[in-house]
Visitor: 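Starting off with a structure, shown below.
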There are 2 protein chains.
Amino acid sequence: MFQRIEAVPAYRIVCDAIEKQIMSGRLGAGDQLPIETELAEQFGLARHTVREGLRLLEESGLVGREAGRRLVVKEPHYAELAPRASRALIMQRVTFEELWEVSMSLEPSAAARAASRIDDDQIAALEDNLRQMEEELAAGRSIIALDVAFHTLVAEIAGNKALLLAREPISQLFYPALEKLFAHPLNCVTGPRRLADAHRHIIDALKHHDRDAAELWMRRHMVDFRRGYELCSFDLREAIAFEGA
Amino acid sequence: MFQRIEAVPAYRIVCDAIEKQIMSGRLGAGDQLPIETELAEQFGLARHTVREGLRLLEESGLVGREAGRRLVVKEPHYAELAPRASRALIMQRVTFEELWEVSMSLEPSAAARAASRIDDDQIAALEDNLRQMEEELAAGRSIIALDVAFHTLVAEIAGNKALLLAREPISQLFYPALEKLFAHPLNCVTGPRRLADAHRHIIDALKHHDRDAAELWMRRHMVDFRRGYELCSFDLREAIAFEGA
DNA sequence: GATGTTCGTTTGTTGGACAAGCGAATATTT
DNA sequence: AAATATTCGCTTGTCCAACAAACGAACATC
């Protein structure tokens, strides 16, 4: 007969109100928010209550602090949204197989699209990534961060904001998976080598604006990744490990 | 020569500290957090500072309030993470084309996977969704929410947590796109009808555990969606409109 | 022209305080 | 005895008042 009532604390209303101003365009990226005392006065609340609302906004990525100073409205960036999503997936004990399946859908088509749109600067950025990778490889250091960065670069070149946002949390989670893979004796030498070679092929395809080749090599690259995982007898259905830092 | 220094406010340290406890498993989903005064004592901070940290945690979805009472640790759910991501995409003025492209990668493979795993209860849920849709259709009401729900159902049946998280923000944004589409005279009648028919075909394929048919029909369904958009001479590269509520 | 001083502004932090909602225990009524 | 009312303690949400630290700007000094 009556609807469920749930009280909304004032600090949440503050957050929603400011968010609404932002989403409606009355506050745009770069604009400064009024100072806390002024907000408190406008809302008719204590400064502290307003501050709690601002913390909510801050964590949602809509506003940011500029070097300890006044809060400014921001466009949330996929790189800030991703960690939260990654955390959620870890807590839900996502498996390698799940991550791989989604990447298998997204990465090849990202490569294909990137092939159509890539320009010289972007080619240079990819080449640079590969060069650094070769250096680290020669020095016997880890290339995992560079690998994750490479794939993000390709996705950025593809120029699809939805794709970028969708794939980043997943991409980040390959970090621990790759670490595990390259720590295994069966893969610690050939694995990174094959990875760099695949990136070489992908870059070549992108350079020639060859959609099909880019897609194909990306697909092979992903399949190879999974095969390496299986070769080491890792369980594809086991939860991805927690990455400490 | 020296690294950049940036002061970290205490409330953020509080957030990070508690988050670390959660991610390390020392605090698991369902556990209650200590009360605010106790946290303040342990951290050696004022209660208010701790509260601000808790607001950050709250917005990140790691803790939640149970009916105004004590905070409990939660597993962030994709349905809570999605709105933030959707907002980010709207602010970045994501286009229909971008959303469609990603969905074109994700939805068909989700359907294929769902075909392998679907059980009777899930079939019933889909059938129920379609039945409701037919009702709304007959009553001349909007079927948009049911359409979005249908696709989310299929993704849930696919049983891939990473997929679910990746697609939901995008799926949500088709809401305004569909509204625009079905408001157009060219599509307000045939559009919803074709949509329901496609869902019928998809359900049939899923029922028979026919991966290929499910994938094919989902793909056709998506292509049809785009075609409808083009038919109405809508600009695929225009930013998706802001959805008020 | 570079460095130091002063000062107002704004945020981060603290302390103490109180009302309201909730759970549990206890008292009261029928 | 069962249902209802009262009381009480706990915890959160909110408020008020205050101060330290960082910053920007204007000004003074060397």
Side-chain angles (χ1 to χ4, degrees), chain A residues 2-22 27 29-74 80, chain B residues 1-22 27-74 80:
Chain A
F2 289 110
Q3 265 201 329
R4 169 143 197 83
I5 291 176
E6 48 185 315
V8 178
Y11 62 78
R12 183 154 291 283
I13 300 178
V14 167
C15 172
D16 293 344
I18 298 177
E19 179 193 320
K20 191 167 282 184
Q21 292 294 313
I22 294 175
L27 279 172
D31 291 358
Q32 286 192 338
L33 255 61
I35 61 174
E36 295 177 352
T37 47
E38 172 139 351
L39 283 173
E41 200 175 341
Q42 281 194 40
F43 285 121
L45 294 171
R47 185 163 78 100
H48 236 308
T49 309
V50 171
R51 278 177 66 83
E52 294 193 31
L54 292 178
R55 292 305 149 259
L56 292 180
L57 276 178
E58 189 179 332
E59 183 67 7
S60 78
L62 282 176
V63 307
R65 195 180 3 296
E66 217 161 51
R69 285 225 80 48
R70 207 143 145 197
L71 285 175
V72 291
V73 177
K74 279 194 329 177
E80 306 163 61
Chain B
M1 178 170 177
F2 289 110
Q3 265 200 328
R4 169 144 196 82
I5 291 176
E6 50 185 314
V8 178
Y11 63 78
R12 183 155 290 284
I13 300 178
V14 168
C15 172
D16 292 344
I18 298 177
E19 179 192 320
K20 190 166 283 183
Q21 293 294 312
I22 295 174
L27 278 173
D31 290 358
Q32 284 192 339
L33 254 60
I35 61 174
E36 295 176 354
T37 47
E38 173 141 350
L39 283 173
E41 200 176 340
Q42 281 193 41
F43 285 121
L45 294 171
R47 182 162 82 98
H48 239 316
T49 310
V50 171
R51 276 176 68 84
E52 293 194 31
L54 292 179
R55 293 304 149 260
L56 292 180
L57 276 178
E58 190 178 330
E59 184 65 9
S60 77
L62 282 176
V63 306
R65 192 181 1 297
E66 218 162 51
R69 285 227 78 48
R70 208 144 144 196
L71 285 174
V72 290
V73 177
K74 279 195 331 177
E80 304 163 64

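Within every chain, numbering begins at 1; the chains are lettered A, B, ... in the order of the sequence lines, protein sequences first and strands thereafter. Just so you know, these numbers use all the heavy atoms, side chains as well, and skip hydrogens, waters and symmetry mates.
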Visitor: Rounded to the nearest 0.5 Å, what separates atom CZ in A:Arg55 from atom CZ in B:Arg55?
Guide: 11.5 Å
Visitor: Do the side-chain N or O atoms of B:Tyr11 get closer than 4.0 angstrom to the phosphate oxygens (OP1, OP2) of C:dT13?
Guide: no
Visitor: Using whole Å, report how far CD of A:Glu6 lies from P of C:dG21.
Guide: 15 Å
Visitor: Among C:dG16, C:dG12, D:dT11, find the nucleotide with the atom closest to the side chain of A:Glu36.
Guide: C:dG12
Visitor: Just N and O in the side chain of A:Arg65: are any of them under 4.0 Å from OP1 or OP2 of C:dG12?
Guide: yes
Visitor: Might you point out which heavy atoms bring B:Gly28 and B:Val73 nearest each other, and give the distance in Å?
Guide: O-CB, 3.4 Å
Visitor: Just compare C:dT14, C:dG12, C:dT10 and give me whichever is closest to any side-chain atom of B:Leu45.
Guide: C:dT14
Visitor: Which whole-number value in Å describes the distance from B:Arg12 CZ to C:dG12 C1'?
Guide: 13 Å
Visitor: Rounded to whole angstroms, how far apart are CG on A:Leu71 and C1' on C:dT11?
Guide: 9 Å
Visitor: Verify, without hydrogens or angle tests, whether A:Arg70 (side chain) and A:Leu33 (backbone) share a donor-acceptor contact under 3.5 angstrom.
Guide: yes
Visitor: Between A:Arg47 and A:Ala10, which has a closest nucleotide on DNA chain D that is more 5'?
Guide: A:Ala10
Visitor: To the nearest Å, give me how far apart CD1 (A:Ile13) and C1' (D:dG13) are.
Guide: 12 Å
Visitor: Output yes when at least one side-chain N/O atom of A:Thr49 is less than 4.0 Å from OP1 or OP2 of D:dG13, else no.
Guide: no
Visitor: Indicate yes or no: does A:Arg51 engage B:Glu52 in a salt bridge with an N to O separation below 4.0 Å.
Guide: yes
Visitor: Side-chain N or O of A:Arg51 less than 4.0 angstrom from OP1 or OP2 on C:dG12?
Guide: yes
Visitor: Would you please confirm or rule out a distance under 4.0 Å between OP1 or OP2 of C:dG12 and any side-chain N or O of A:Arg55?
Guide: yes
Visitor: Which listed nucleotide (C:dT10, C:dT14, D:dT11) is nearest to the side chain of A:His48?
Guide: C:dT14
Visitor: Quick one: B:Glu41 CD to D:dT11 P, roughly how many Å, whole number?
Guide: 12 Å
Visitor: Less than 4.0 angstrom from a charged side-chain N to a carboxylate O is my criterion; do B:Arg65 and B:Glu58 meet it?
Guide: yes
Visitor: Without decimals, in angstroms, what is the distance between A:Glu52 CD and D:dT14 P?
Guide: 7 Å
Visitor: A:Ile35 has an atom CD1; how far is it from atom C1' of D:dG24, in whole Å?
Guide: 15 Å
Visitor: Could you give the CD-to-C1' distance, from B:Glu58 to D:dG13, as a whole number of Å?
Guide: 12 Å
